[in-house]
Amino acid sequence: PDVLPYDLATPLFSDYALKLRTAWMPKGSPASYTETDSFDFPVGSILSKTFYYPRSADGSLLLTEEDPGLEAGGKLDLDRVRLLETRLLVRQEQGWQALPYIWNESQDEATLQITGAIERITARDASGQQEQFPYIVPNRNECAGCHALNEASGQLQAIGPSARNLNKTYAHYPEGAASQLETWEARGFLQGLPAPSRIPRDPLWEPGVRDQLEYRARAWLDVNCGHCHRPAGAGATSGLYLHRAETSMVRLGQCKPPIAAGRGTGGNRYSIVPGDPDASILAYRIASRDPGILMPELGRTLVQESGLELIRDWIAALPGEC
């Protein structure tokens with residue numbers, strides 16, 4: 001009863017795996033509100049993220065961005081889903097520790113697997129086609145590939161639970177839908193919450209929505225790419241910065257030649273060519289499933305078609321020329 005489920009306005013894509021997220025903090029030790037990046041969590045905090053695929057009536061796994069298995073209270077109907085893994089981030093005195101657990105076939109026990117794992121998945125996509133792919137559970141060191149926002153320090157950080165990404169209604173509380181941030185504050189999980197008008201907000205991820213292109217595209221890039229492509233991040237040497245705070249269109253990739261992308265360029269000259277997604281390296285790498293080309297390079301083997309379409313539409317709408 002002391003664990004609080006939550007979700008994100010614009011979530012990270014992970015090969016269409018759906019996620020049940022929860023937070024727990026020691027009583028009397030709330031997180032501190034910050035306007036940018038993740039909140040400042042107290043020692044003892046535990047964030048969990050359980051990855052699963054929904055099942056159809058015949059038991060087949062489904063690749064979908066709809067969630068048919070989540071019930072009131074953030075509980076999962078285990079007859080309608082297949083659990084894959086649960087990742088814990090535990091805030092200790094020396095920093096965050098990542099702990100990946102893998103679920104057994106009967107879905108009644110998950111075992112710590114520091115070395116990670118590869119699960120062969122067969123699932124049906126939205127068109128009814130069968131897709132076979134390797135679902136990758138990262139080892140503990142690979143967790144740092146995304147969660148170490150400063151590559152020099154190597155310290156893990158929470159990424160998802162930020163003000164802008166939690167600023168939404170959560171539909172599955174036992175008592176009904178309510179504001180996540182106000183619920184965190186009322187539960188004693190958050191202090192320093194400002195007036196609602198002062199809290200930034202990411203767009204709600206809805207595949208197919210095409211209004212506010214820049215707003216939505218920048219949120220998608222921030223969540224999926226910005227943890228690496230930021231100053232001091234693992235992708236900083238590329239000079240391509242895709243985090244939310246970036247304001248320079250050149251650093252965002254417009255008419256920017258790559259530094260060392262190799263065959264990842266696809267023969268294209270610039271990260272973003274305004275008005276031409278087909279000539280843009282950014283769209284080419286998001287569309288690829290080749291391990292030596294695809295971006296993000298961790299956490300996916302499939303292509304999020306709705307995310308790719310959003311980024312292509314955004315590039316197509318950009319004015320100017322190189």
Side-chain angles (χ1 to χ4, degrees), residues 9-16 65 125-126 145-146 149 151 159 164-165 200 202-322:
T10 301
L12 175 73
F13 175 71
S14 306
D15 281 347
Y16 292 100
E65 295 183 84
D125 65 19
C146 291
L149 301 183
E151 193 177 31
I159 298 174
R164 65 173 60 255
N165 224 354
D202 267 349
L204 296 177
W205 177 251
E206 297 176 80
V209 174
R210 287 292 167 264
D211 62 335
Q212 301 176 296
L213 269 179
E214 181 177 6
Y215 179 50
R216 293 178 177 276
R218 289 296 308 276
W220 190 93
L221 289 170
D222 180 64
V223 167
N224 287 278
C225 314
H227 46 269
C228 283
H229 285 275
R230 63 169 58 217
T237 55
S238 69
L240 183 67
Y241 295 157
L242 301 175
H243 62 304
R244 169 64 82 168
E246 186 53 66
T247 57
S248 165
M249 284 304 298
V250 174
R251 287 193 290 270
L252 280 165
Q254 183 162 319
C255 300
K256 178 191 174 305
I259 291 176
R263 65 189 184 94
T265 65
N268 299 310
R269 295 179 61 191
Y270 303 110
S271 295
I272 292 175
V273 177
D276 193 350
D278 289 332
S280 300
I281 298 170
L282 183 66
Y284 174 73
R285 301 194 77 169
I286 291 172
S288 178
R289 292 180 61 175
D290 185 321
I293 296 173
L294 63 79
M295 284 288 177
E297 61 184 0
L298 294 175
R300 80 163 180 96
T301 58
L302 302 179
V303 176
Q304 185 184 20
E305 297 295 341
S306 55
L308 172 62
E309 183 181 3
L310 172 64
I311 298 305
R312 287 181 57 85
D313 285 353
W314 174 59
I315 294 173
L318 288 174
E321 59 183 23
C322 296

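Heavy atoms only: backbone and side chains are in, while hydrogens, waters and symmetry mates are out. Only a predicted model underlies this, so the values are computations on that prediction, with no experimental measurement involved.
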Peer 1: Do Val223 and Pro11 come close enough that some side-chain heavy atom pair is under 4.5 Å?
Peer 2: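 No, their side chains stay 4.5 Å or more apart.
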Peer 1: Could you state the interatomic distance from CG (Asp211) to CD (Glu206), rounded to the nearest 0.5 Å?
Peer 2: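 Result: 8.5 Å between the selected atoms.
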Peer 1: When you check the gap from the basic side-chain N to the acidic O, do Arg300 and Asp15 get nearer than 4.0 Å?
Peer 2: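 Salt bridge: no.
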Peer 1: Nearest 0.5 Å please: distance from the SG atom of Cys322 over to the NZ atom of Lys256.
Peer 2: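 Spacing of SG (Cys322) from NZ (Lys256) equals 12.0 Å.
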Peer 1: To the nearest 0.5 Å, how far apart are OG in Ser271 and NE2 in His229?
Peer 2: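 If we round to the nearest 0.5 Å, Ser271:OG and His229:NE2 are 8.5 Å apart.
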Peer 1: What's the shortest heavy-atom distance between Trp205 and Ser306, and which atoms?
Peer 2: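 Between these two residues, the closest heavy atoms are CZ2-OG, 3.4 Å.
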Peer 1: Applying side chain to side chain contact (heavy atoms under 4.5 Å, CB included) between Ile286 and each of Ile281, Leu310, Leu308, report the one that passes.
Peer 2: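 Of all the options given, the one that passes is Leu308.
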Peer 1: What I want to find out is whether Asp202 reaches Arg216 closely enough, with some N-O distance under 4.0 Å, to be called a salt bridge.
Peer 2: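 So Asp202 does not pair with Arg216 through a salt bridge.
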Peer 1: Of the non-hydrogen atoms in Pro257 and Tyr270, which two are nearest, and what is the gap between them?
Peer 2: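 Nearest pair, atom of Pro257 first, then Tyr270: N-CD2, 3.8 Å.
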Peer 1: Not counting sequence neighbours, which residues clear side chain to side chain contact (heavy atoms under 4.5 Å, CB included) with Glu246? List them please.
Peer 2: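 Partners of Glu246 under the side chain to side chain contact (heavy atoms under 4.5 Å, CB included) test: Arg218, Tyr241, His243, Ser248, Arg251, Leu252.
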Peer 1: Mark yes when over 12 heavy atoms from residues, nucleotides or ligands other than Arg289 sit less than 6.0 Å from its CZ; otherwise mark no.
Peer 2: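 Above 12, so yes.
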Peer 1: What's the shortest heavy-atom distance between Ala219 and Arg244, and which atoms?
Peer 2: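 Ala219 and Arg244 have their closest heavy atoms at CB-NH2, 3.2 Å.
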Peer 1: Is there a side-chain contact (heavy atoms from CB on, under 4.5 Å) between Ile259 and Thr237? Walk through the geometry before answering.
Peer 2: CA-CA 8 Å; Ile259 291 176; Thr237 55; over 6 Å; no
Peer 1: Is it true that Arg263 and Asp290 have a side-chain N and a carboxylate O under 4.0 angstrom from each other?
Peer 2: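 Salt bridge present between Arg263 and Asp290.
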Peer 1: Please check this pair: side chain of Asp276 against backbone of Asp278, looking for a donor-acceptor N/O pair closer than 3.5 Å.
Peer 2: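 Yes: the side chain of Asp276 pairs with the backbone of Asp278.
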Peer 1: What are the two closest non-hydrogen atoms of Pro277 and Ala283, and how far apart are they?
Peer 2: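 Closest approach of Pro277 to Ala283, heavy atoms only: O-CB, 3.6 Å.
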Peer 1: Under a 4.5 Å cut-off applied to non-hydrogen side-chain atoms, are Glu321 and Pro274 in contact?
Peer 2: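 Not touching, per the 4.5 Å side-chain cut-off.
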Peer 1: Can you measure from SG (Cys228) to CG (Leu298) and round to the nearest 0.5 angstrom?
Peer 2: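 Answer for the SG-CG pair, Cys228 versus Leu298, is 6.5 Å.
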Peer 1: If I compare all heavy atoms of Val273 with all of Ala279, which pair ends up nearest, and what's the gap?
Peer 2: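 Minimum heavy-atom separation between Val273 and Ala279: CG2-O, 3.5 Å.
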Peer 1: Among pairs that include at least one residue of residues 232-243, which meet salt bridge (charged side-chain N to carboxylate O under 4.0 Å, His left out), considering only residues two or more places apart or in two chains?
Peer 2: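 Found none.
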Peer 1: Closest approach of Trp220 and Cys225, non-hydrogen atoms and distance?
Peer 2: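 In this case the closest contact between Trp220 and Cys225 is CZ3-SG, 4.3 Å.
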Peer 1: Taking C-beta and beyond as the side chain, do Tyr284 and Thr265 meet within less than 4.5 Å on heavy atoms?
Peer 2: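 Heavy-atom side-chain distance check fails, nothing below 4.5 Å.
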Peer 1: Let me confirm one number: the CG-OG1 distance from Leu294 to Thr301, rounded to the nearest 0.5 Å.
Peer 2: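 Going from the CG atom of Leu294 to the OG1 atom of Thr301 covers 8.5 Å.
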Peer 1: Evaluate side-chain contact (heavy atoms from CB on, under 4.5 Å) for Gln304 paired with Glu65, printing each intermediate quantity in order.
Peer 2: CA-CA 10 Å; Gln304 185 184 20; Glu65 295 183 84; 2.9 Å; yes
Peer 1: Can you measure from CG (Leu221) to CD (Glu214) and round to the nearest 0.5 angstrom?
Peer 2: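 Between atom CG of Leu221 and atom CD of Glu214 there are 10.5 Å.
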Peer 1: Please determine which of Asn224, Leu282, Asp222 meets the side chain to side chain contact (heavy atoms under 4.5 Å, CB included) test together with Leu242.
Peer 2: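 By the side chain to side chain contact (heavy atoms under 4.5 Å, CB included) criterion, Leu242 pairs with just one of Asn224, Leu282, Asp222: Leu282.
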